[in-house]
Amino acid sequence: MSKGKVPHEVKDYVALPVILQSTASGKDVKHYIYIKASEPDVPDQDSPRSLFLVNIPVTTTDAQLRHLFTTQLSAGHVEHVHFAAQDGALSTSSSALIATTKPTVTEPLTTLGKRKRPAQTTPAEIETKLSSYKLPSTYPSTFHVAGSTAIAVFLDRTSRDQSLRACRKAAKSSKSLIWSAGLAADKFPSLGPGRYEAQSKFTFPPRADLLALANDFMTTYSDLEAARARESAKRRAEPDEDGFITVTRGSKGVVKSDEAEAIKAKAKEKQDKTGLQNFYRWQMREKRREEQGALLRQFDEEKRRVTEMRQRRGGVVPER
Amino acid sequence: MSARKPRRTNGHVFKRRKLSHDSSDERESSVESAASLDNVEDGDPSNDEGAAVTSNHADKTSQIAVDLPVQLRHSRISRVAQGSTTLPGDLQMQVSNLLNDVRLDHDSVTKQMRPTTNMLVEVLKEVPSQQPMSLAQAQSFSQKNLRITIPWFQRPATDVKYTFSFVAPTRVTLAGSLAQRLSTKKQPRKLVLMPEMPAEMFHEKDYLNYRAVHKRAFYLACIASHIQKKTGKEFDMNFAYSDDCEFVPVIRLTENSSERPLIFEVCPVFPSTLGLKEKMTPMHNCLRKEDLSNDIANATPAYNSCVRYLTSTKPWQELVESAITKAENYCDACYLGSVWLQQRDMSGDQAQGGFGLEEWAVLCALLLQSGGHQGRPLFSPRYSALQLFKAMLQVLGGRDMYEPLLLRGNVNLRKSDLPIIYDADTGVNILYKMTPWSYERLKHHATVSLAAVNSKKTNGFEATFVTKVSETSLEFEQSYTIDLTDSSQKSHDTPQRIHSILRKGFSDRVRLLHLQTDLKPGWKITSSAPSTSPAKVVVGLLINSEAALRFVDHGPSVEDKEAAEDFRQFWGEKAELRKFNDGSINESLVWSKDSCVLEQIVKHLLLRHLKIAPTNIKISPYVQKLQLSDAVPADEAFTVINTKLQALVSTLHHLDGLPLPIRSVNAASELMRSTSLALPLEPGFAQPVDLVIQFDTSGRWPDDLRAIQYTKIAFLTKIGDLLIQHDRTWECRVGLENTSSSSLGTHNNCFLDIKQPSPTPQLPPIIFRLRIYHERELHLIQQALSTKALLSQPLRDAYQSALQTQKQTLARVNHTTAIRSFSTTFPTLSATTRLLKRFLSVHHLMPHIPGEVAEIIACDVFLNPAPWSTPGTSTTAFTRCLHFLSRWDWSAEPLIVDLSPAQDMTLQRRQELETRFMAWRKLDPNMNSVAWFIGTNLDNTGVVWTQGLAGQDPKLPRVVASRLTALASAALQLMKSADQREDKLMTQSDWDDIFTSSSEDFDFVIHLKDSVANAARRSQKANKEGKFKNLQLANMVDVDTTGIDTATSYLEDLQHSFGNVAIFFHGGEYSGSTVIGGLWRPHVRPGVARAFKIRLGMSTVPYETGDVQGEDEEGICTANIEGMLAEMGTIGEGIVSKITRKQTS
């Protein structure tokens, strides 16, 4: 690209150049993936055998990363890959996010939510079950945000270290790796027309699958409601340690809080309406004073606006 | 007779004074007029229409004025005392600011002009006398001795008996608005010197047959020769026509020296004794030929008034002076009038209307003396400047001057085809220079402006005083340039003839017909005057959009022989006899549907009556035809889907077996608003029509967002099944969207596509896309936001964006209803909006500017058309949209539009919106989240369409808003330069320029393959090649009708991955545009180094350290521009043809 020398390492990351081959620009372009050993603030059991990757290409799939480490660098074997949470991602737990990156459409929809109707379970249990329900994505694969990160978990620590060494070596070597070179065609993420054709298919899942999913969810949901009702009935019936009975939803005679607000507002309005208006002289006087005050305020406001407009335009000038 | 008038008034005053000693003289004399002041203040043009003027008949003496307006002017107390909140208060303040800005420092100008003026007056007094001589002598004298060609108008016959002489003027008066101290800063500095020709030079009958005018011409030649002798090079000396009026040649001296040249005009005037005003009313003929008697048919109103005017310059001056002393705001009112006229390009020059500041001043002064009931003053001297201005507009706009308005006396004048305001005291028709068309235009503008300044809702100041109104492409809806240079019938009255022919030919198709000719140029004093017949005429039309496109005209019935003969005479071979459905046999005209009817009429009539070849008539092109290449007629296509929708809605309402009764089905699509750029039924596009269905409230809905989404799926499936049962030809399927949010259920997840076969086999099917709206969702989202205080940021964003989406859905339904009703009120609204969207699309701004915003702007142009009237063609409406966009200072002003059909949005609502706007600007002064604030009666937040979803970019970022403003200004500039060209017409290539975008300004441009543009074509190709066979087998439905636009999907992917890095520009959904432009965000500029971090949000390259070897401790990197472009290409592998970068030098 230019005469200056590109450093092999930035901070404590290895800057691994890979060549992106793009038919659109017609030339090979270097892309840098920054790699280091994973050192999360809260280490977990996987962290000693993981590599932390920064700035992965937006279309990266885990097949491509496996290919990079196993085949292209002939180093360690990747067990699985965690892609970073995307901005605006909806899930709080990282494990849930991994699931979204998996192309869910490949598996039949019915298996997703097929569960036996549980006997007597607590609402919390059903709640976790409910949150596992998910509509199939309309996209064949998800792209990452530019500059995104990922964690590659290797089989073991040695395999990780071996990979990092291989990366460092590759970074220093004059010959750059070509991204996904030699990867089987069906492992590539679907791009371009293929992706959008697939999208239009996934938008309309087969009627039966969709209906089954919805029915399943609703069955579980009604279980949840039943469980909740049972629980609150129980709570209503039994006083707690202090001898109080908890007021819960579903108790008789309890109004919803928003309805209560509305009733309160209405009552206040009613109160305002009653009473003698414009009767005493002081009432009139006060009203007049209020009106005059409002007029003065309005006048000042207008004056300010006009002056502001004047300043903005430097005077009122009829256009030429 | 007129002399008696003031005395009577005095008597009246005297009587009054006896009754009440405490009040002043002035107050007395204007009690009656104060009654009409109420009208001016009320300002409702409909109910007091012409009340001030017609008060001749109404007895207004019973009404007494309430307050003294003079004391109430712009003081704080006054507003309170006035107690009026109805009038937008800052109008008064803005007017006084304007007055301060335009007021000319007359003293300094006078001082500057005094030496030259004095010198010229001296010169005028010294001109040597010439003995009376015959015509031949006079001509040879001026040729040989004076070396000047006498500026004759209508060279006198050789046998004239009268003589020509020069006698020193009795006095020289200074005239013109500058001398009367009425000039504003913007007006040309022109001073008129008026030497008065002595009475002894004239005979009793010299007012007839140009005799006085000819004597004056010789007089002028003598003066010109002397001035030439006495002055050197400091002046450019020419003959010219005063006020463009060909009877009145003057000497025009233009100072050479200063940058802003002073102009002096020498205009000899007649003595007041010349002629009898009773014999020179507009009903008399003063240019008699031997064979013509003095009858009304041959009356010479213009000549008469012109001569009268030249004899009565002194009384005019006195009149104005008395008004200045009598009414303290008179001068200010004249300044306002001057600005108002100037913005409309009206001046005293005949070619520019013949009504300028001088006429304004005189008329205003006259109405301060006369014009009211029983000859009493119509205006009170206590009116404020604004009140005087409004009263003037009311007189000009509300009173039909074809019925002569008589001032200061009573003369028997009949209705004629010329506007007349006759001053009986001097015998001058003030409007003598006006033509029927310029009067029509004046009246039109006066009416429009009066409504604007009186508007209680919007501030009419800008429209009335600031906006430049007279731009051909903005003011007129259709214009023609008629080239007269090689016309055989060319004469100075050609414009009059064109006007009367076209007026008759257009009948009710045209609301206003205006003709514009060029100013007659000045000429050298040594040559004779150039021909006064115009070389070209520019015809401007305001169209009556309902009648303009009528293809068959019904003429008179055959039985009415005379009228039928007239009709045949007028239309020639075009007239044909036809029998109509109702059995009547009428003369009629049938126009071709191929081109515009108005064009056909113009070409036919001008060829028939004036032998003007159609090739000499240039016509401004219709943009609509140029820019919207509709394969099917737009209105038909929209009507078809509207009827389909009606049918579907009624089917839905009558479905049996739905779990809940339907409350309403509403359209929420631009297709239903008739404003989509791509037409429904157009081959190649199958854009789904969004519908929103609401069910009756029921306790059976689950109280959980996720569960609601799944319930919706079940509901929609059920509806689909029922619909298929109803009609086997329909195809229904449930689709998914926003699936990433399905674990929370915040966003709507599903819709039902109802595909109906198209009415004709070649056209694509119609797809309705039904979504369920459930109020509880909004409530649950709000609850989640208010109770879960500890939501994580992404979660909070998700709920926020869901909340906004919900609000938008609701707003879209209401918006659709409103726009649908307006598009029936304004038939051209649909085409206008589509043109505007086309403009946004070709300039790649579409994804950033919601269609709803474009629609609101287009509506605004129709609802608040001031300073023009409601546009009648889409072309004009579109140019006015551009005009609005170029002038809207969105950083400091909100746009507030009342979209209620009755236009009954309260002032309070407006004020609330303004307050909200101020709050936004205070909260976000850099306009990062809201650039455009658009409040309507449907949206009291003002940002429903322009605020981005939470956690995302604003919908309409500031950079896009500024670019649009710049583009609109550039387009307007182009129109302005077209207006300054000879023919004043926008050409086809001008319009093409406006609708051509350059991709130069983008940092990079992604070119898509052509096949992407047309989804249908692409899928056909795929079918042929047998690709994706599995997909086709899995899906019985064709791919091309899924409503997915590949370019838009690709754009969404780009937005998702690179939205933090660049802003993308594209022509919009279903536009077929194959270009995506991009601008790097400021932090991604190439070559900017930054510290390495994990979450930079862009692809980077380690910074090239250059001479420093080894690794850099700091860890610096720069944006990997090439890398990111390559990645963009990778995403679009197969649809992107190439990506180009801007060449940086």
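- When atom types are taken as modelled, the side chain of B/Asn97 and the backbone of A/Thr307 share no donor-acceptor pair closer than 3.5 angstrom.
- Contact tally against chain B (heavy-atom pairs below 4.5 Å) for A/Ala15, A/Pro17, A/Pro57, A/Ala146: the top residue is A/Ala146.
- Looking at B/Val1061, the atoms closer than 4.5 Å to chain A (heavy atoms on both sides) all sit in the side chain, from C-beta outward.
- Counting only heavy atoms from C-beta outward, the side chains of B/Tyr710 and A/Leu213 approach each other to under 4.5 Å.
- Side chains of A/Glu301 and B/Gln911 form no contact here, defined as non-hydrogen atoms less than 4.5 Å apart.
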Start with the C-alpha distance between B/Thr717 and A/Leu210, add both sets of side-chain angles, then the distance that settles side-chain contact (heavy atoms from CB on, under 4.5 Å), and finish with yes or no.
CA-CA 9 Å; B/Thr717 317; A/Leu210 201 55; 5.6 Å; no

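- For B/Glu914, the part lying under 4.5 angstrom from a heavy atom of chain A is the side chain only.
- Side chains of B/Ile713 and A/Phe217 form no contact here, defined as non-hydrogen atoms less than 4.5 Å apart.
- Although no hydrogens or angles enter the test, the distance criterion places no donor-acceptor pair under 3.5 Å between the side chain of A/Tyr221 and the main chain of B/Arg706.
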Applying side-chain contact (heavy atoms from CB on, under 4.5 Å) to A/Val29 and B/Leu1125, what does each step give before you reach the verdict?
CA-CA 9 Å; A/Val29 175; B/Leu1125 290 180; over 6 Å; no

Report the C-alpha separation of A/Met218 and B/Thr711 in whole Å, then their side-chain angles, then the decisive distance to 0.1 Å, and conclude whether the side-chain contact (heavy atoms from CB on, under 4.5 Å) test is met.
CA-CA 7 Å; A/Met218 289 318 288; B/Thr711 315; 3.5 Å; yes

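- Interface remark: of the candidates A/Leu211, A/Leu224, A/Ile56, A/Asn215, A/Leu211 forms the most heavy-atom pairs closer than 4.5 Å to chain B.
- The shortest distance between side-chain heavy atoms of A/Lys30 and B/Val1101 does not fall below 4.5 Å.
- Atom NE2 of A/His144 sits about 10.0 Å away from atom CD of B/Glu1127, to the nearest 0.5 Å.
- For A/Arg304, the part sitting under 4.5 Å from any heavy atom of chain B is the side chain, from C-beta outward, and nothing else.
- Contact annotation for B/Asp704: both backbone and side-chain heavy atoms come within less than 4.5 Å of a heavy atom of chain A.
- With a 4.5 Å cut-off on non-hydrogen atoms, B/Gln709 does not touch chain A at all.
- Just one of B/Asp1053, B/Ile1131, B/Thr1130 meets the side-chain contact (heavy atoms from CB on, under 4.5 Å) condition when paired with A/Val58; it is B/Ile1131.
- Closest non-hydrogen pair, A/Phe204 versus B/Gly735, comes out as CD2-CA, 3.5 Å.
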